[in-house]
Amino acid sequence: MSLVVKDLRARVQINSKEYKTVLDKVNFTAKPNEIHAIMGPNGSGKSSFANTLAHHPNYEISSGKITLDGEDITKSSPDEIARLGLFLSFQHPPEIEGVGVSNFLRVAKGSINGKKPNIRQWVKDFSSFQKNLKIDKEFAGRSLNVGFSGGEKKKNEILQLSLLNPKYAILDEIDSGLDVDALKIVARAVNKIKKDMGLIIITHYARILEHIKPDFVHIFANGKIVKSGKSNLAKQLEIEGYDKYL
Ligand SMILES: Nc1ncnc2c1ncn2[C@@H]1O[C@H](COP(=O)(O)OP(=O)(O)OP(=O)(O)O)[C@@H](O)[C@H]1O
Ligand SMILES: [Mg+2]
């Protein structure tokens, strides 16, 4: 059981003729129950890695292979990948007018499981996670992310994560924009559900990693993983910066 990325190369189209390579021979393995942190300077390819794994249509895999628990998902569609148990929380969650939070999540859960969850159970689960995350009740009926503050959007991503309960989750800068208390609330919520889940946390700050302890830390630079280590690597980066890896 693992999420395995082998020699992955990906590119994005930047105009009618040109492409930019965003991932350059990335090798990575995460097992359920493992927590991986991905750090690296702005523009180093962290979000591209997350988006490519979730098969965002802007990211084209040029070579390499991705397998999820033995199944080759290199060419799978985003919904197939979601059904197989991979979840991505976006660095910039999209706003969708007219789509209510609870309805949206119930439909998402239904399409992953093949059956819409029973409404009573759903309302119960929804409110329990909502309470854990200290999200106001009125959010259930609000349009997805519309008018949400930065921190509210991030909490909503963790609400999704909690309800969808995937096998592997990539959290792209889930800590950015959270105040100190919200960071603790989000970390506590993640810690509660992380059992048997492979977690990949993309972050710029060691702080969240004090609450959600990673087993491994990887540094991205220029579309590559240039260094992997244990959790102390995050602390070291905070002191030394990225210069020596660039
Ligand atoms: N869809 C896209 N179109 C054009 N360029 C892109 C696209 N996606 C990524 N890039 C470029 O690829 C590089 C890597 O971007 P990416 O978003 O992966 O960086 P990042 O490591 O997540 O940075 P940050 O820490 O600022 O979030 C950047 O130079 C970015 O401009
Ligand atoms: Mg990013």
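Predicted model only: the values in this text are computed from it and were never measured. Hydrogens, waters and symmetry mates play no part in the numbers below; they use all other heavy atoms, side chains included. When a ligand or atom number is given, it counts from 1 through the structure's own listing order.
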Which option out of Ser48, Pro41, Ser47 puts a heavy atom nearest to atom 9 (C) of ligand 1? Ser48
Shortest protein heavy-atom distance from atom 1 (N) of ligand 1, along with the residue and atom involved: Tyr59 OH, 3.7 Å
With a 4.0 Å cut-off, would you call Lys235 and Glu210 a salt bridge? yes
Between Ser47 and the Mg ion (ligand 2), is there a contact where an N/O/S atom of the residue lies under 2.8 Å from the metal? yes
How far is atom 30 (C) of ligand 1 from its nearest protein heavy atom, and which residue and atom is that? Lys20 CE, 4.4 Å
Measure the distance from atom 26 (O) of ligand 1 to every protein heavy atom, then report the residue, atom name and distance (to 0.1 Å) of the closest one. Asn42 ND2, 2.9 Å
re atom 10 (N) of ligand 1, the protein heavy-atom contact at minimum distance is Val22 CG1, 4.0 Å
Under 3.5 Å, is there a donor on one side chain and an acceptor on the other for Asp125 and Gln121? yes
Please state which protein non-hydrogen atom is closest to atom 21 (O) of ligand 1 and give its distance, to 0.1 Å? Lys46 NZ, 2.7 Å
Tell me the protein heavy atom at minimum distance from atom 14 (C) of ligand 1, and give that distance in Å. Gly43 O, 3.4 Å
Contact check, Gly40 vs ligand 1, heavy-atom distance below 4.0 Å: no
Let me check your reading of the structure: within less than 2.8 Å of the Mg ion (ligand 2), is there an N/O/S atom from Gln91? yes
Atom 3 (N) of ligand 1: the protein heavy-atom neighbour that sits closest, reported with distance to 0.1 Å: Val12 CG2, 3.8 Å
